[in-house]
Enquirer: 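Supplied in structure tokens, the structure appears directly below.
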Amino acid sequence: MIIDVIIALGKIAVVLLVGLGLGAYLTWVERKVAGHIQARMGPSVVGPFGLFQPIADGVKLLTKESIIPRGADVPVYYLALILALVPSLLIFSVIPFGPSFTIFGKEIKPIISDVNIGLLIVFAMGSIAVYGTIFAGWASNSKYAFIGSLRKAAVIVSYEVVLGFAVLGVILIAGSLSTVEIVNSQIEKGIWYIVYQPVAFILYLFCMLAESGRVPFDIQEAEAELVTGYNVEYGGMRFGLFPLAEWYLNVVGLSAIAVVLFFGGWSGPNIFGPLSPYIWFLVKTFALVFFTLWLHWTLPRFQAKDITDIAWKILLPIALLNVVVTAFVVYLFS
Amino acid sequence: MPWISKEREERIKNRYKDVNVTRYEHAVSFEVNIDIFKDFLKYLRDEEGFKHFVDLTCIDFPEREERFQGVYILYNPDHNERVIVKTWANNGRLPTVTDLWPGAKWGEREAYDMFGVEFEGHENLRRMFLWEGYPHFPLRKDFPLEGYKEEELPSLTEVLAGREDPPSHDFELVHTKIATLEDIERTERARLKKKAQLVLNWGPLHPGTHGTIWFLFDLEGEEVVQCDVILGQLHRGMEKIAEHLHYFQFLPYTDRMDYISAICNELSYVQAVEKLLEIEVPEKARYIRTMFAELQRINSHLLWLGTGALDLGALTVFLYAFREREKIMDIIEGNAGYRLTTAFLRIGGVHYDLAEGTLDVVKAFVKDFYGRLKEYHSLLTRNRIWLRRTKDKGIITKEDVHAYGLSGPVARGSGVPYDIRKLEPYAAYDEVDFDIPVGEVGDVYDRYLVRMEEMVQSLRIIEQCVEKLEKLPKSAPYINKKHPAVMAPKQDVFNDLEDMVKNFRIVVHGEEAPPGEVFSSAENPRGELGFFIHSKGDSRPYRLRIRSGALYNLSIFPKLIQGGSIADAIALLGSLDPVVGETDR
């Protein structure tokens with residue numbers, strides 16, 4: 001029993017450290033990628049290849065003066081931070097990084113909690129995260145922040161619905177909500193579900209961009225219109241937390257879920273030895289993350305009403321159709 | 001610009017008997033009595049086709065009883081004729097012309113701000129650049145150049161911190177009164193009566209406003225119900241400064257108006273002065289001017305493209321545009337010595353001969369730039385999101401182009417081929433071959449396409465200029481130093497006694513201009529930049545009015561944005577492309 005707790009704590013520690021470390025280093029990756037896309041160098045001064053840049057940024061953010069605006073609702077102001085960061089971290093609790101293995105006669109699954117409603121947790125966390133944005137906008141007592149948070153709320157409400165219906169197809173085929181089971185069923189069938197569900201994957205990509213507030217759906221930030229929108233009144237590390245949670249942890253978390261749902265999770269030819277599944281998982285995840293970054297630095301931004309228009313009028317009907325067709329096919333062939 | 005024809009003049013004189021016509025070579029003005037003034041303007045607009053509003057200003061003559069003279073510049077787009085109408089104010093009052101040309105709204109505000117002339121019937125006559133409660137009218141002749149000395153005034157931060165002791169600055173040196181927080185609040189309230197849910201202050205310091213423009217949006221949700229713009233954050237009183245400088249001394253100030261396209265500003269100013277002083281410009285100088293003006297136009301359009309795309313979220317285009325812009329900056333720096341505020345042109349020519357190798361660099365740039373333009377097109381032109389953000393947004397009709405006095409790519413985007421380079425060719429524009437792209441719908445997307453195509457046309461012009469300049473001998477003169485009002489180049493001054501004496505005389509006494517009037521304008525990247533000079537025969541202009549294209553283009557913004565959202569505002573503002581240095585002067 002004690003051992004179980006220790007193992008669980010160990011897994012949490014590893015995921016948390018890796019997650020936050022990744023978040024920090026993704027800023028470096030993003031800046032490098034953006035730099036090369038934009039015909040410039042990206043960070044290159046601090047350390048070799050600018051590798052210490054995230055540390056310098058962290059130190060800067062931590063030591064900066066942080067001002068709470070006059071008239072702010074202070075408890076809610078802080079609650080927003082927690083509500084932004086915690087859900088995006090909790091997504092990682094249901095991500096399976098590899099197959100279970102045995103060490104000293106003890107079976108260990110490289111997932112924090114293999115619950116049979118794993119995907120529901122992901123959606124729930126996505127929905128809770130929007131409170132972080134809304135609270136941040138409300139508590140800041142600023143018009144810009146308020147408008148930004150309202151935009152975000154409108155986007156999340158519409159895309160949560162689409163997201164739910166988009167992955168329903170995969171769930172129908174796999175017959176489970178557990179992330180581990182979904183991967184296992186793909187390995188058993190020897191096929192990735194993107195082959196069965198290409199439409200769902202595209203819908204998922206849209207939703208992923210919308211949920212994580214990446215271009216072309218970054219209307220809640222929209223530097224040129226709303227300065228940075230909902231987090232404009234936050235300073236120092238409090239400000240840093242929002243992009244960390246939204247732009248990096250959320251993107252990585254949702255990309256990992258996409259890999260689980262559509263790209264067979266950790267499956268892949270065993271060419272790296274015992275670490276092969278983990279490497280495959282990370283490679284697939286980061287390929288998706290890179291794709292997101294690539295879009296971010298290429299496309300212009302949609303308008304708020306266009307985004308919700310697309311969600312309700314185009315994506316949702318497609319998703320519904322996809323679910324119905326999948327259900328039929330699954331019913332006929334099983 | 002061809003001015004009003006004799007024939008039309010006769011017709012008008014037959015109809016209105018007591019109209020005085022003054023004909024200078026570059027300005028023809030009708031002086032009418034204030035009683036028939038509105039009637040006369042209406043006649044000119046409806047019957048004679050002078051429907052395009054160019055500019056409105058005042059001149060102060062303290063020795064006259066009426067004191068203020070209103071000056072209205074109109075344009076007939078069908079016959080390509082221009083005319084100036086003047087009238088004397090009645091007890092410091094003039095009738096408003098906003099019912100005839102809505103674009104006069106801001107011009108009248110400015111005249112009120114600067115002269116205290118009241119325009120009867122104006123819907124909301126407020127100060128344009130200065131704040132509500134500022135007691136003086138700066139362009140009046142009795143306003144001293146150094147300003148009125150003020151009581152010591154603490155800075156805003158000091159007021160906020162509650163400091164009562166004498167502030168740290170030496171306020172003996174601060175002559176001009178600074179607006180207090182109450183003044184600013186009063187200004188804001190005077191502009192906009194709140195009708196909807198919330199008033200959003202957009203600016204003065206906001207990344208989307210391209211400078212220090214202060215927008216007030218009255219929002220219902222995200223929909224803009226009404227809007228007004230508060231300008232003046234960058235107001236430096238250029239017109240007042242010009243009245244106290246010799247003609248050549250004012251040249252560097254023009255750089256600081258539309259600082260993105262300094263050489264075009266200089267070209268416009270230098271031309272006006274050359275027309276006043278009757279200076280011929282050598283061929284080489286004309287071609288150098290044309291080439292650099294077009295390089296500057298590409299430079300300016302690249303900045304517009306970059307920031308416009310940045311505003312709509314396409315972050316990468318910004319840096320691609322700046323990569324090319326840097327090359328133009330290098331070419332300009334290599335010739336003028338400065339990158340931004342170049343002061344490259346001189347009255348009568350250009351400051352330096354072409355630097356060695358310039359033409360090769362320009363050729364290489366032109367060759368490369370065609371491909372770069374394709375790159376921009378592939379990023380944006382067919383992009384669905386870009387289309388969605390720009391198509392059918394902020395449509396300007398042809399009527400509005402004339403009524404608001406719009407010019408430059410904004411006018412051409414609506415299908416009005418109003419391009420001074422063709423209508424009144426200056427520099428070498430009549431000797432080179434180029435087309436004027438026009439839009440069809442007049443939306444943000446059309447203005448985008450027009451500007452993109454203008455860059456191609458600029459490249460064509462540059463190619464022709466390079467060709468011509470390569471043929472011209474190295475020894476060809478680049479400045480007309482024979483004219484008594486033109487300063488000789490520096491190397492001549494150090495080697496030649498006569499040139500030195502002449503320069504000395506000009507620097508000390510200035511150029512002697514004949515009395516008269518000139519209105520001359522040039523096609524800037526941001527529209528028609530005109531200079532109206534009223535000379536009384538001194539080395540300084542009695543009144544120098546700067547007709548800013550960016551200001552008039554911006555003046556239609558509050559109308560266009562009604563019913564749009566904040567996201568539209570940013571796309572729209574990007575397509576109007578104002579530069580605050582020019583709108584505020």
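Since the model is a prediction, treat every value here as computed from it, not as a measurement. So that the names make sense, note that chain A is the first sequence line, chain B the second, and so on, each numbered from 1.
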Enquirer: How about Y370(B): does its OH atom have over 12 heavy atoms from other parts shown lying under 6.0 Å from it?
Expert: yes
Enquirer: Any side-chain to backbone donor/acceptor pair from K143(A) onto L198(B)? Under 3.5 Å, distance only.
Expert: no
Enquirer: Drop me the distance from R301(A)'s CZ to D311(B)'s CG, to the nearest 0.5 angstrom.
Expert: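 Rounded to the nearest 0.5 Å, the CZ-CG separation comes out at 8.5 Å.
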Enquirer: Kindly indicate whether the side chain of L319(B), heavy atoms from C-beta on, has any atom under 4.5 Å from the side chain of I37(A).
Expert: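 A side-chain contact under 4.5 Å is absent here.
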Enquirer: Can you see which heavy atom on Y144(A) is nearest to which on N201(B), and at what distance?
Expert: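 Closest approach of Y144(A) to N201(B), heavy atoms only: OH-O, 2.7 Å.
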Enquirer: Is L219(B) in contact with chain A via its backbone, its side chain, both, or neither, using a 4.5 Å heavy-atom distance?
Expert: side chain
Enquirer: Got more than 12 heavy atoms from elsewhere within 6.0 Å of CZ, F165(A)?
Expert: no
Enquirer: Do E222(B) and K305(A) meet the salt-bridge criterion of a basic N to acidic O distance under 4.0 Å?
Expert: no
Enquirer: Are more than 12 heavy atoms, taken from residues, nucleotides or ligands other than F318(B), located less than 6.0 Å from that residue's CZ atom?
Expert: yes
Enquirer: With a sphere of 6.0 Å drawn around CH2 of W138(A), does it hold more than 12 non-hydrogen atoms of other residues, nucleotides or ligands?
Expert: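 No, the 6.0 Å shell around CH2 holds no more than 12 heavy atoms from other groups.
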Enquirer: I would like to know whether T316(B) and T298(A) meet side chain to side chain contact (heavy atoms under 4.5 Å, CB included); could you show each step before the answer?
Expert: CA-CA 6 Å; T316(B) 299; T298(A) 310; 5.5 Å; no
Enquirer: So which atom in A39(A) and which in R323(B) form the shortest heavy-atom distance, rounded to 0.1 Å?
Expert: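 Here A39(A) and R323(B) meet closest at CB-NH1, 3.5 Å.
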Enquirer: May I ask you to name which of D568(B), T307(B), L573(B) has the most heavy-atom pairs under 4.5 Å with chain A?
Expert: D568(B)
Enquirer: Does atom CZ of R339(B) have more than 12 heavy-atom neighbours from other groups under 6.0 Å away?
Expert: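 It does: R339(B) CZ has more than 12 such atoms within range.
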Enquirer: Quick one: does Q303(A)'s side chain get under 4.5 Å of R389(B)'s, heavy atoms only?
Expert: yes
Enquirer: When only heavy atoms count and the cut-off is under 4.5 Å, which of residues 375-387 of chain B reach chain A?
Expert: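 The stretch touches chain A at L379(B), L380(B), N383(B), I385(B), W386(B).
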Enquirer: Mark yes when over 12 heavy atoms from residues, nucleotides or ligands other than Y77(A) sit less than 6.0 Å from its OH; otherwise mark no.
Expert: yes
Enquirer: For residues L315(B) and H296(A), determine if any side-chain heavy atom of one lies less than 4.5 Å from a side-chain heavy atom of the other.
Expert: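 Yes, side chains in contact.
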Enquirer: So, taking the atom named CZ in F322(B) and the one named CD in Q38(A), what distance separates them when rounded to the nearest 0.5 Å?
Expert: 12.0 Å
